[in-house]
Amino acid sequence: MFPPVQEQMDIIKSYASEVFPEDELFAKLEKSYKNNVPLKVKLGCDPSKPDLHIGHSVVLRKLRQFQDLGHKAILIVGDFTAMIGDPSGRSKTRPALSLEETRLNGQTYLEQATKILSSNNLEVRFNSEWLSKMTFSDVIKLASKYTVAQILERDDFSLRFKNNIPISIHEFLYPLAQAMDSVAIEADVELGGTDQKFNLIVGREIQKAYGIEPQCIVLMPILEGTDGKEKMSKSLGNYIALTDSPRDMFGKVMSIPDELIVKYFKYATFPKLEDASKFESELESGKLHPRDAKIETAKRIVSLYYSTEEAEKAHQEFEKVFSKKEAPDEIDTVKVNFEDSVQPLVEVLVSVGLAPSKKEARRLIEQGGVYVDGNRISDIYATIDLTTKRLIKYGKRKFLYVQKD
RNA sequence: GGGCAGGUACCGAAGCGGUCAAACGGGGCAGACUGUAAAUCUGCUGGGGUAUCCCUUCGGAGGUUCGAAUCCUUCCCUGCCCA
């Protein structure tokens, strides 16, 4: 039923940034192989932000590999923990969510996650199932297993502490709550981004404290966002969503800084290892042009979530709009209802939703970013006749046909 | 409980009675250039308006003043030290 243990190890370690303790994992795999029992592989997900992006895909793809090896993926929807708010990588306390909101988000999360995960070998659990049942004395018992010094070892806690940034007590409880998930499902392996290292280790410790065989840990690299600076996240707006259109997905990949190309190629697509090293060395030697490398990466990513045809189409579209500066194929048409068909352009830009305010629209016109039917408009008092359909280009990539209703 | 220091635009951070829609940096947007929505350079970055004009904003609520982000009162929030 399972592939040979060493082969499994190799697959598990590929593209992972850390796997430990290796000997324990090896032993677990051997046991599973002998007894023909799949390992339970845990991945926690945060339902406070249900919009998945390709940053999340790295760890999801790793989980998928486990599934393909025959192991059991257990997705923990942190509906209860979301009420605390994970402080990971955060300088501020997160707002708490209601249980209801998180349930709904969890559903959305699942829909997107199954773009990557197989629905076989998949179990979904909500952690309110066991956490909400804990009494205060249960919590105190749990809390007694860990010390303040230990918890302050965590980078973001100690950093915040040093910089006099508030930390609420309940945030200390977060890693412990997450650890209880591992206890509850008796996880053999837990997956996470490198920023989760601390939490996952606490999981091991707490499992031991509760007399359960400790989990092994597989850490995946964190993918930087399209800005190349920060970790990819929705709130920073530097993300490529799994639900983005092929066109946006392609374009966003093209916008990453050159230094990130290899990282995206490797971790967002999990290519064959020989493909990855070839790609990397050719890019290094200059044989592969950075732009072409990005195109290749963008195509692969779009293909993963759509199809090779869609990827090709997105590529053509990109060439057309940015290299040749032409309008894209598909442009929405908006009909507006005005008394007169002749209107100040500024007015139209706002009512059609292209500009958030007239001031903003004027600024863009002054800066030369507005085109009507391909002609740059530089007069902020310009009017536009909407009797016939007009093509408006607002900024670099917003195109819209506008016509009087 | 006591003492001290703070809360400023998307974020960080100046300003400490008028010249403040508020320096500076980051971010964002635009233009030029290009190999791309890379890099670099330049400009813009509260709202309305023809306007050297008006409106909204500096934790909340009041007050002093011709005039407040700047002074006073009070409330809320945060950090530090002491207990």
Side-chain angles (χ1 to χ4, degrees), chain A residues 54 87 89-95 157-171 224-241 244-265 282-283 286-299 301-302 311 314-328 344-347 349-351 354-371 375-383 392-399:
Chain A
I54 67 167
R90 277 285 171 143
S91 49
K92 285 178 191 162
T93 306
R94 283 191 184 177
F157 280 144
S158 58
L159 208 69
R160 278 162 70 182
F161 192 67
K162 264 185 215 138
N163 295 327
N164 299 340
I165 297 166
I167 304 171
S168 301
I169 302 286
H170 74 278
E171 294 182 79
E224 282 95 340
T226 51
D227 57 1
K229 288 170 193 133
E230 307 273 359
K231 161 183 172 179
M232 184 178 287
S233 87
K234 182 162 196 217
S235 45
L236 292 169
N238 60 358
Y239 67 106
I240 302 177
D244 273 342
S245 66
R247 194 206 293 185
D248 278 347
M249 237 182 216
F250 193 95
K252 283 179 181 177
V253 176
M254 292 305 283
S255 81
I256 62 172
D258 290 358
E259 305 79 69
L260 244 57
I261 298 173
V262 172
K263 243 186 152 175
Y264 270 58
F265 184 76
E282 288 192 356
L283 188 62
K287 192 176 168 196
L288 180 62
H289 192 289
R291 187 204 50 205
D292 296 331
K294 269 195 215 174
I295 289 173
E296 174 66 20
T297 307
K299 274 192 188 169
I301 291 175
V302 177
H315 179 205
Q316 298 305 327
E317 190 96 334
F318 185 85
E319 291 280 318
K320 200 171 175 186
V321 178
F322 296 103
S323 304
K324 298 178 192 152
K325 307 245 183 223
E326 290 169 15
L345 180 57
V346 172
E347 206 75 50
L349 290 175
V350 173
S351 58
L354 284 171
S357 72
K358 292 186 192 175
K359 266 270 206 277
E360 186 88 32
R362 273 191 217 110
R363 270 198 288 273
L364 205 68
I365 292 173
E366 276 167 359
Q367 293 176 144
V370 177
Y371 290 77
N375 303 311
R376 178 181 277 175
I377 306 297
S378 46
D379 177 11
I380 59 167
Y381 303 118
T383 55
I392 298 181
K393 183 187 180 200
Y394 182 85
K396 281 184 185 163
R397 50 204 130 120
K398 289 184 186 166
F399 292 87

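Reminder, nothing fancy here: chain letters follow the sequence lines and each chain counts from 1.
For the pair Glu366(A) CD and G31(B) C1', the computed distance is 13 Å after rounding to whole Å. Phe250(A) has its CZ atom 9 Å from the C1' atom of U36(B), to the nearest Å. Rounded to an integer number of Å, the gap from CD1 of Ile392(A) to P of A30(B) is 16 Å. Atom OH in Tyr264(A) sits roughly 17 Å away from atom P in A37(B) (whole-Å rounding). Residue Tyr381(A) contributes atom OH, which lies 6 Å from atom P of U50(B) at whole-angstrom precision. C29(B) atom P lies 18 Å from atom CG of Leu349(A), rounded to whole Å. Whole-Å rounding puts the Lys358(A) NZ to G46(B) C1' distance at 16 Å. Distance OH (Tyr394(A)) to P (A30(B)): 9 Å, rounded to an integer number of Å.
Here the separation of A83(B) from A22(B), taken at their C1' atoms, is 42 Å to the nearest Å. Nucleotides G18(B) and G79(B) have their C1' atoms positioned 34 Å apart, rounded to a whole Å. One C1' atom belongs to G7(B), the other to C58(B), and the distance between them is 10 Å to the nearest Å. Between A39(B) and G27(B), the two P atoms lie 10 Å apart (nearest whole Å). Nucleotides A30(B) and A37(B) place their P atoms 11 Å apart, quoted to the nearest Å. Only the P atoms considered, A23(B) is 15 Å distant from A69(B), to the nearest whole Å. C24(B) sits 25 Å from U78(B) when the C1' atoms are compared, rounded to a whole Å. Rounded to the nearest Å, the gap between the C1' atom of G47(B) and that of A21(B) is 10 Å.
To the nearest 0.5 Å, atoms CD1 (Ile377(A)) and CG (Leu345(A)) are separated by 6.5 Å. Taken from NZ in Lys294(A) to OH in Tyr264(A), the straight-line distance is 10.5 Å, to the nearest 0.5 Å.
Remark: Glu366(A) engages Ile380(A) in a side chain to side chain contact (heavy atoms under 4.5 Å, CB included) (not counting sequence neighbours). Applying the ring-ring contact (aromatic ring centres under 6.0 Å, His included) criterion to Phe318(A), with sequence neighbours excluded, gives Phe250(A), Phe322(A). In this structure Glu296(A) satisfies the side chain to side chain contact (heavy atoms under 4.5 Å, CB included) test together with Phe265(A), Phe279(A), Arg300(A), sequence neighbours excluded. Residues satisfying the salt bridge (Lys or Arg N to Asp or Glu O under 4.0 Å) test with Lys393(A), not counting sequence neighbours, are none.
The phosphate of U36(B) (OP1 or OP2) has a side-chain N or O of Arg291(A) nearer than 4.0 angstrom.
In plain terms, the two heavy atoms of Pro290(A) and Leu283(A) that are nearest each other are CA-CD1, 3.9 Å. Pairing each heavy atom of Val350(A) with each of Ser357(A), the nearest pair is CG2-C, 3.5 Å. Taking each heavy atom of Leu364(A) and Gly395(A) in turn, the nearest pair found is CD2-N, 3.5 Å. The minimum heavy-atom distance linking Pro246(A) with Ala314(A) is given by the pair O-CB, 3.7 Å.
Within 4.0 Å (heavy atoms only), Phe318(A) reaches at least one base atom of the nucleic acid. Residue contacts shown for Gly368(A) are limited to sugar-phosphate atoms, with no base heavy atom under 4.0 Å away.
Taking for each of Lys359(A) and Lys393(A) the nucleotide of RNA chain B with the nearest heavy atom, the 5'-most of the two is the partner of Lys393(A). Nearest-nucleotide assignment on RNA chain B puts the 5′-proximal partner with Val321(A), out of Arg362(A) and Val321(A).
Counting only heavy atoms from C-beta on, Arg397(A) has its side chain closest to C29(B) among G35(B), G49(B), C29(B). Comparing U50(B), G31(B), C29(B) against the side chain of Arg376(A) picks out G31(B) as the nearest. Between G47(B), G48(B), G35(B), one nucleotide has an atom nearer to the side chain of Pro290(A) than all others, and that is G35(B).
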Show each protein N/O and nucleotides 38-44 of chain B N/O combination with a separation under 3.5 Å, one pair to a line.
residue: A38(B); atom: O4'; partner: Lys294(A); partner atom: NZ; Å: 3.2
residue: G43(B); atom: N2; partner: Gln367(A); partner atom: OE1; Å: 2.9
residue: C44(B); atom: O4'; partner: Gln367(A); partner atom: OE1; Å: 3.2

Identify each atom pair where a protein N or O and an N or O of nucleotides 77-83 of chain B are less than 3.5 Å apart, giving names and distance.
residue: G79(B); atom: O2'; partner: Asn164(A); partner atom: ND2; Å: 3.2

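If you check A69(B) for Watson-Crick or wobble pairing at under 3.5 angstrom, you find it has no partner at all. When both pairing distances are held under 3.5 Å, U45(B) makes a Watson-Crick or G-U pair with G27(B). The partner of A5(B) is U78(B), judged by Watson-Crick or G-U wobble contacts that both fall below 3.5 Å.
For the side-chain contact (heavy atoms from CB on, under 4.5 Å) with Phe399(A), the qualifying choice from Leu354(A), Ile392(A), Val321(A) is Val321(A), the only one to do so.
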